[in-house]
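Quick notes on the structure that follows.
Computed from a predicted structure; not experimentally measured. Just so we're on the same page: letters track the sequence lines, and every chain starts at 1.
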Amino acid sequence: MENYNPKLIEAKWQKHWEEHKTFATPEDVTPENKCYILPQLPYPSGSGLHVGHAEVYTACDIYARYQRMKGKKVLQVFGLDSFGLPAENYAIKTNVHPQETIDKTTENFVSQVKALGVSVDWDRFVRSSDPGYYKFTQWFFLLMYERGLAYRKKQAVNWCESCKTVLANAQVVDGHCERCDTVVIQKEMEQWYLKITDYADKLLEGLDRIDWPAETIKRQKDWIGRSEGALIQFNVYEVGESADIRNTKSTKLRNVIEVFTTRPDTLFGATYMVLAPEGQYVQDLKDNITNWDEVEKYIEETSKKTDLDRQIEKDKTGVELKGVKAVNPANDEEIPIWIADYVIATYGTGAIMAVPAHDERDFEFAKKFGLPIREVVAKDIGDPLEGEEKSVGVYGLLERDGKVLVMYEKKNDLYRLPGGTQEENETDYETLKREFAEETGYINNMPGECKGQVGVHFLTTKSKELKHYIRKIFSVQLKNEEKVALYGEDKDIYEYIWMTREEAVSAFERNKTSNVYPHDTGEGLLVKYYFDGYDECVSEPGITINSDFLNGLTTEEAKTAIIDWLEKNGHGKRKVQYKLRDWSVSRQRFWGAPIPMLTSQKSIKSESQKFDELPDFVLNLHAWGSDPQSHFHPWISKELAEKHIVSITPLLPHPEHPKFNDWLEATQKELSKDTTNTVVTARSLSCWIALALAQTMEFRKLVLVAPSTPTKDWYIGFGREGWGDAEKEIALAFFGDKEDCLDFKKIRKNVGEIVIYLSTNDPYIPCDATKKYFEKYIPEARIIIERDAGHFDIEHGYNIFSSFLDEIMREVRPDLRPLPESDLPVILPDDVDFKPTGQSPLTYSPSFQDGVEEKYGKGWKREVDTLDTFMCSSWYFFRYLDPHNEKEFASPEALKKWMPVDFYLGGPEHVNGHLLYARFFTKVLYDAGYIDFDEPFTVHRHQGLILGPDGRKMSKRWENVINPTDVVNEFGADTMRMYEMFMGPMEEDKPWDENGVKGIKRFLDRVWNLQDRLSDNAKLDLELDRKLHHTIQKVGDDLSKLGFNTAIAKLMELVNEFYKQEKVLLTSYQSLVTLLAPFAPHISEELWSILGHKDSISLEAWSAYDEDKLTGDKLSMAVQVNGKVRASIVISIDATDDEVESMALAQPNVVKWLGGQEPKKVIYVKGRILNIVV
RNA sequence: GCCCGAAUGGCGGAAUUGGUAGACGCGCACGACUCAAAAUCGUGUUCCUUCGGGAGUGAGAGUUCGAUUCUCUCUUCGGGCACCA
């Protein structure tokens, strides 16, 4: 027998697999047997494969090989994310074109991965920087653009001065650039964004349906950051305006500040407002602000601060806006308006109502600037009658005979302290309560009876909370407004409850905190106590006080009540707010996919057009047989009104029997002379009216929902079958005998933008045919296909239609144009100086704009920014399914066959980047009808970090980097694979251990050397056979749940058992080799062929275990006396309970420990344990 | 500050629904083979011990016949978010 020589056999088998295409993707795939295994897409760095990479590919491969042996049809893939900053930065450093570098590193990286012996279908290898790939990255951008999900906007962005590029929020780590660690600054720039915020709800909802690590799901939820609350409008007045004017409720109040709050119930406690310094509101008020110089200075100071500064300096700063006041809509109280940088412009509305009593930040601010603090939520509640023995409700304290008395409630009884047993102190509850109230002026926590200063509501059922508050401070309500503070120790909380005034004061002095303000009034000590954490006041619900009609309501009740009131009185409404921001995708860099858009200097289509930010008039047209009160029309009217946009939805004549000319006339009447900034929306039949109007009038925009196509064959060619004569008659009356009669040339010239909504299951308007029709006549129209939207009717949930509202409101940009899909890909030119200047390098490419004007018209140029590489990795898992398809990103058949991914392994660092984006892309494809699932990764797991031998993160700096290829060369890929899997649980961080690698090598040597002991006629050892079947079971179970380390341990046990035998049965050894195959494929293949098999072990079936062989006829069991193990007995498997008990009692050690006593009780858990209690 | 997660021998880590804690590997010790070393094979290896036992899964309590596992409090470490209204 030769020695185990991994070098030789690994090369041999890798060649064999490649030549025999052993791991080509199977064709006979069903939804039940398909198994798509996806390792995370790596960047091919110059330093090559890292041990962390090897961990991912090995784990995926072991899983893939196991599933293959279990009979699954496995697709395992590999690719590279070769676009992006690392390659470009390296190019800049070395002055070598990134393409060259990438080709080199690709070759190196791929050969390193292949050397691990992974069972990947290499014919499906993809690389994001190849034109065949990024053509579809660009296609995805166009899809987003068409659906209104890609937009260009000027706003403050994250900018890295060193990388000279914009960064997404997820790429900013602790205020620093993820790549180069430079402090990120804010810069006003026009950038492309993807509207991922539109999908916030869907991204949140889908998390409940996927098998991902709980931690990851939570992190995505936190990142999306949904909070429910209300928008509340505060009117703003100039100081000095008379009350009369103020009271006249003018509908066109110019200055309204809207705030978002999650605690509308505290509205009565809003004693001032704060605006974000860089926000729009401040600018709007500029003319009325009398201290503008001061304000401007503050704004400037803030804008100079980086986000990092803002995070570090948490000291509150701010400036009051003099000359203006806001009015709290709840109580008509005038309150001051401030600006402060603790309010950020990008969340909510960039303005808050400040409720200092119940918000920590407002509280700090109010304290610093001496603003009034009004409590509106009483701290307490919880049912004192509920809970455990220890639950105590402290009702309050009073002073008597120089002692401070605590009233508290325990279960149903009210006690007085001190002393006395329960019985002695038992008193009539009502009497005691009354007496207590009379003496203290304190009224207990009965909802509705709370008075502002009552203060000490330490009512709680949880001893934890009680301790917490007592430890912090006891605030005691005495007569004449005097307060004392007491302190309670953690362990003996009752100790301090009884104390003299002096004791109380000194206890208080000892435990002074910054939130306690003692004043000696001369007559006594006045202590003002602010709760240490007002955050708790915010998060913990309570009873509303000081709030007029909300008094006595719980927080939840008060929220509902105040929102109802606000909505009824037009001061606000319910609102869900998200932390998630839109995703900035344009980069001023070279090494990425060019954005497939055209730009021009001209901002209008014709001489007379002028598009302001918002439309000044919206005309909505309802459908045939419909009216202005139906479907989404009422909602749209309301929303537009709230945004102060004038809109009309006229009732069109005879909606049941419409006539074209009547409708046209009726709508024309509603329009003024200048319609250039008017938006016309229409649904179904009336879309034709909208188009007809646009032949002669200029519009800002048309938004057509489920449009009938304006041909006379509409109802025959496309319409649903079985229409009766009546319908035909009406349709004819409407359309007349017109055939393609519209002048689309004029329409296209007259309208700034045309958006068309279609639904995949519209019973009247066929999606595909209508799409084709409009693509032909209005190629630049943006066609948005909505999944399962029916006829955009109320039955399909279209009483609200938010993307439609967005389209109405959206700024029209005639200076931007998407490229037609047929012109993709936009090839990245290579005649580019890629040194960063802050300008996109493509600006300087001589060839990039060649022929663009000739092809697309004068004045048009290609967009010179490139796409964030995260866009490449947001869809790569689709490309593997059909990597050579030049027409589609993947064919519908391939998508149906393999998606979603069955197992996805990747690092936890991408949770709020890639993993969110990939889900977003998938959901957009779903909504657009391309796919039938909306979550890409059914099962997802993370791998942990492999640390250096010193326990630190591997880094050149620590000189503790392990190169996987060195390990493969020295010990072989099988050893490398198994060692990485044996180190510990896959998802945990674990340090590398040189000796551990040797241990695995030793194990494989032992497996190899077992050949010496093989025999085909050795006697079958029953114990060994049972062990074998146990191992088969355990290894299979562990593999299905990725417990690689324990599976390997079990294999080692089996091998150790084999070594206890003189001879090993050939069949047993064969089973061992198949179990080993997923982990160490090369040695397994070699042994398999030595054993005489011709076929690859990779395609062998997984061993089955025999259920009957798992259990022997005897087993060993522990006997306990009083819970301590005192003996171990071997019992027969079918022994009766009595037999076992008598056997246990006969054990000498048991007899000894029983000490002659009779057992009180014997607990016998069959086959597991027997415990004797004396 | 807020929110998660973790803590087991000298080390990496096992332990099913609460049922003989320390599987497996490393390291270490001893033995066999060898002139010797390495490699290999074998034995032992939680700690204390007066060799009867005793203690023991970060600390302290609780529930239980029985707790690494469940509950509460605390400590330490790791991670995430961070003025998100």
Side-chain angles (χ1 to χ4, degrees), chain A residues 174-175 213-216 218-219 222-223 225-227 229 259-263 266 274 307 310-311 313-316 340-344 346-355 358-362 364-365 388 390 462-464 467 490-491 533 535 538-539 577-581 908 911-912 951 979 982-985 988-1000 1002-1003 1005-1006 1009 1034 1037 1043 1045-1053 1055-1056 1059-1060 1116-1129 1152 1159-1165 1167-1174:
Chain A
D174 277 340
E215 170 80 4
T216 304
K218 196 188 161 295
R219 275 176 61 190
D222 288 350
W223 188 259
R226 180 190 155 101
S227 42
V259 304
F260 173 73
T261 174
T262 53
R263 290 297 300 270
T266 60
V274 189
D307 267 5
R310 278 205 192 187
Q311 276 173 34
E313 293 171 32
K314 293 226 166 153
D315 239 17
K316 297 280 178 292
D341 63 6
Y342 81 91
V343 173
I344 53 178
T346 43
Y347 183 76
T349 62
I352 60 155
M353 65 177 206
V355 185
H358 304 289
D359 181 280
E360 203 180 352
R361 295 149 303 171
D362 297 341
E364 271 175 48
F365 192 80
E388 300 155 24
K390 270 185 295 179
K462 293 181 200 146
S463 59
K464 176 189 169 186
K467 271 194 229 164
D490 183 27
K491 290 257 166 74
D535 52 331
V538 173
S539 60
Q577 181 72 41
Y578 298 93
K579 273 202 289 195
L580 186 70
R581 313 283 167 78
V911 166
N912 293 329
Y979 175 62
F982 185 64
M983 292 168 80
E988 268 162 47
D989 297 351
K990 55 247 154 189
W992 187 273
D993 177 9
E994 288 285 356
N995 290 318
V997 185
K998 288 182 197 153
I1000 294 288
R1002 201 171 294 149
F1003 166 71
D1005 277 331
R1006 277 160 70 85
N1009 294 336
K1034 171 81 173 159
D1037 287 355
N1045 56 333
T1046 48
I1048 293 171
K1050 209 71 193 172
L1051 287 174
M1052 288 172 166
E1053 278 183 58
V1055 170
N1056 290 345
Y1059 266 87
K1060 286 180 187 156
S1116 144
M1117 197 187 79
V1119 179
Q1120 297 181 330
V1121 178
N1122 285 336
K1124 290 213 183 292
V1125 179
R1126 297 301 180 192
S1128 183
I1129 53 174
K1152 183 178 134 200
K1160 272 190 200 140
K1161 202 171 160 191
V1162 177
I1163 294 134
Y1164 177 50
V1165 181
R1168 288 204 182 266
I1169 204 154
L1170 188 132
N1171 190 9
I1172 302 163
V1173 187
V1174 288

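OP1 or OP2 of B:G25 has not a single side-chain nitrogen or oxygen of A:Arg1002 nearer than 4.0 Å. Contact annotation: A:Lys1152 side-chain N/O to B:G53 OP1/OP2 distance is under 4.0 Å. Between A:Thr1046 and B:C24 there is no side-chain polar atom (N or O) within less than 4.0 angstrom of OP1 or OP2. For B:U17, the OP1/OP2 oxygens have no side-chain nitrogen or oxygen of A:Arg1168 closer than 4.0 Å.
Using a 4.0 Å heavy-atom cutoff across all strands shown, A:Gly999 reaches sugar-phosphate atoms only and no base atom. Residue-level contact check: A:Asp222 touches neither bases nor backbone, having no heavy atom under 4.0 Å from any strand. Using a 4.0 Å heavy-atom distance criterion, A:Ser227 is classed as a sugar-phosphate-only contact. Residue A:Lys218 is in sugar-phosphate contact alone, with no base atom involved, counting any heavy-atom pair closer than 4.0 Å across all strands shown. Residue A:Asp362 is out of contact with every strand shown, counting any heavy-atom pair closer than 4.0 Å. Looking at heavy-atom distances under 4.0 Å, A:Met353 makes no contact with the nucleic acid at all.
With a cut-off of 3.5 Å on both pairing distances, the Watson-Crick or G-U wobble partner of B:U75 is B:A7. Shown here, B:C41 forms a base pair with B:G31; the pair counts as Watson-Crick or G-U wobble because both key distances fall under 3.5 Å. B:C2 is paired with B:G80 under the Watson-Crick or G-U wobble criterion, all donor-acceptor distances under 3.5 Å. Across all strands shown, B:A55 forms a Watson-Crick or G-U wobble pair with B:U46, both key distances being under 3.5 Å. Here B:U68 sits opposite no nucleotide as a Watson-Crick or G-U wobble pair (both hydrogen-bonding atom distances under 3.5 Å). With a 3.5 Å ceiling on both atom-pair distances, B:A23 lacks any Watson-Crick or G-U wobble partner. Under the Watson-Crick or G-U wobble criterion, with both distances below 3.5 Å, B:U17 is left unpaired in every strand shown.
Of the candidate nucleotides B:G12, B:C24, B:G80, B:G12 has the atom nearest to the side chain of A:Pro991. Here B:A85 is the nucleotide among B:A85, B:A23, B:G42 with the atom lying nearest to any side-chain atom of A:Thr261. Side chain of A:Tyr1059, nearest nucleotide from B:G42, B:C65, B:C24: B:G42. Comparing B:A85, B:C41, B:A14 by their nearest atom to the side chain of A:Pro985 picks out B:A14. In this structure, of B:U20, B:G12, B:C83, it is B:G12 that holds the atom nearest to the side chain of A:Lys990. Of the listed nucleotides (B:A23, B:G13, B:C41), B:A23 has the atom at the smallest distance from the side chain of A:Glu1053. Counting only heavy atoms from C-beta on, A:Ile352 has its side chain closest to B:A85 among B:G42, B:U40, B:A85. Candidate nucleotides B:G25, B:G13, B:U20 were compared by shortest atom distance to the side chain of A:Ala1118, and B:U20 ranks first. The side chain of A:Asn912 sits closest to B:C81 out of B:C81, B:C65, B:C24. Of the listed nucleotides (B:G13, B:C81, B:G19), B:G19 has the atom at the smallest distance from the side chain of A:Ile1169.
Rounded to an integer number of Å, the gap from CG of A:Asn1056 to P of B:U43 is 9 Å. A straight line from CZ of A:Arg1126 to C1' of B:G53 spans 9 Å, rounded to a whole angstrom. Atom NZ of A:Lys998 is separated from atom P of B:U40 by 10 Å (rounded to the nearest Å). Rounded to an integer number of Å, the gap from CD of A:Glu994 to C1' of B:C11 is 15 Å. Note: CZ (A:Phe982) to P (B:A14) measures 10 Å, nearest angstrom. A:Asn1122 has its CG atom 13 Å from the C1' atom of B:U64, to the nearest Å. Whole-Å rounding puts the A:Trp223 CH2 to B:C4 C1' distance at 16 Å. B:A85 atom P lies 8 Å from atom CD of A:Gln577, rounded to whole Å.
Base orientation of B:G66: anti (glycosidic angle beyond 90° from 0). With a glycosidic angle no further than 90° from 0, B:G9 counts as syn.
Where A:Met983 and A:Leu580 each meet RNA chain B at their nearest nucleotide, the meeting point lying more 5' is that of A:Met983. Projected onto RNA chain B by closest heavy-atom contact, A:Ala351 and A:Val1165 fall at different nucleotides, the more 5' of which corresponds to A:Val1165.
Residues A:Asn1045 and A:Pro985 are in side-chain contact: their nearest non-hydrogen atoms beyond the backbone lie under 4.5 Å apart. Contact of the A:Lys1161 side chain with the A:Asn1171 side chain is not registered, since no non-hydrogen atoms from C-beta on lie closer than 4.5 Å.
Between the CD atom of A:Glu994 and the OH atom of A:Tyr979 there is a distance of 8.5 Å, given to the nearest 0.5 Å. The OG1 atom of A:Thr262 sits 10.5 Å away from atom CD of A:Gln577, with the distance rounded to the nearest 0.5 Å. Between the CG atom of A:Asn995 and the CD1 atom of A:Ile1000 there is a distance of 12.5 Å, given to the nearest 0.5 Å.
Looking at A:Asn1009, its side chain does come within 3.5 Å of a backbone N or O of A:Asp1005 through a donor-acceptor pair.
Nucleotides B:A55 and B:U16, compared at atom P, are 24 Å apart to the nearest Å. On the P atoms, B:G44 is 23 Å away from B:A37, given to the nearest whole Å. Using atom C1' as the reference point in both B:G9 and B:A21, the two lie 11 Å apart (nearest Å). Rounded to whole Å, the C1' atom of B:G10 lies 14 Å from the corresponding atom of B:G22. Comparing the C1' positions of B:A23 and B:C4 gives a spacing of 30 Å, expressed to the nearest Å. Here the separation of B:G79 from B:C11, taken at their C1' atoms, is 24 Å to the nearest Å. Annotation: B:C26 and B:C74 have their P atoms spaced 42 Å apart (nearest Å). With both ends at atom P, the span from B:G19 to B:G25 equals 25 Å, rounded to whole Å.
Side-chain to base pairing of A:Lys316 with B:C83: one donor and one acceptor N or O lie within less than 3.5 Å of each other. For B:C26, the base has no donor-acceptor partner in the side chain of A:Asn995 [N/O atoms by modelled type, under 3.5 angstrom].
In this structure, the side chain to side chain donor-acceptor pair (under 3.5 Å) partners of A:Lys218, at least two apart in sequence or on a different chain, are A:Asp222.
Shortest non-hydrogen contact noted between A:Ser227 and A:Tyr347 is OG-OH, 3.0 Å.
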Quiz prompt | side-chain contact (heavy atoms from CB on, under 4.5 Å) evaluation trace for A:Val1173 with A:Asn1122 | solution = CA-CA 5 Å; A:Val1173 187; A:Asn1122 285 336; 3.7 Å; yes
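Looking only at atom types and distance, the side chain of A:Asp362 has a donor-acceptor partner in the side chain of A:Tyr342 under 3.5 Å away.
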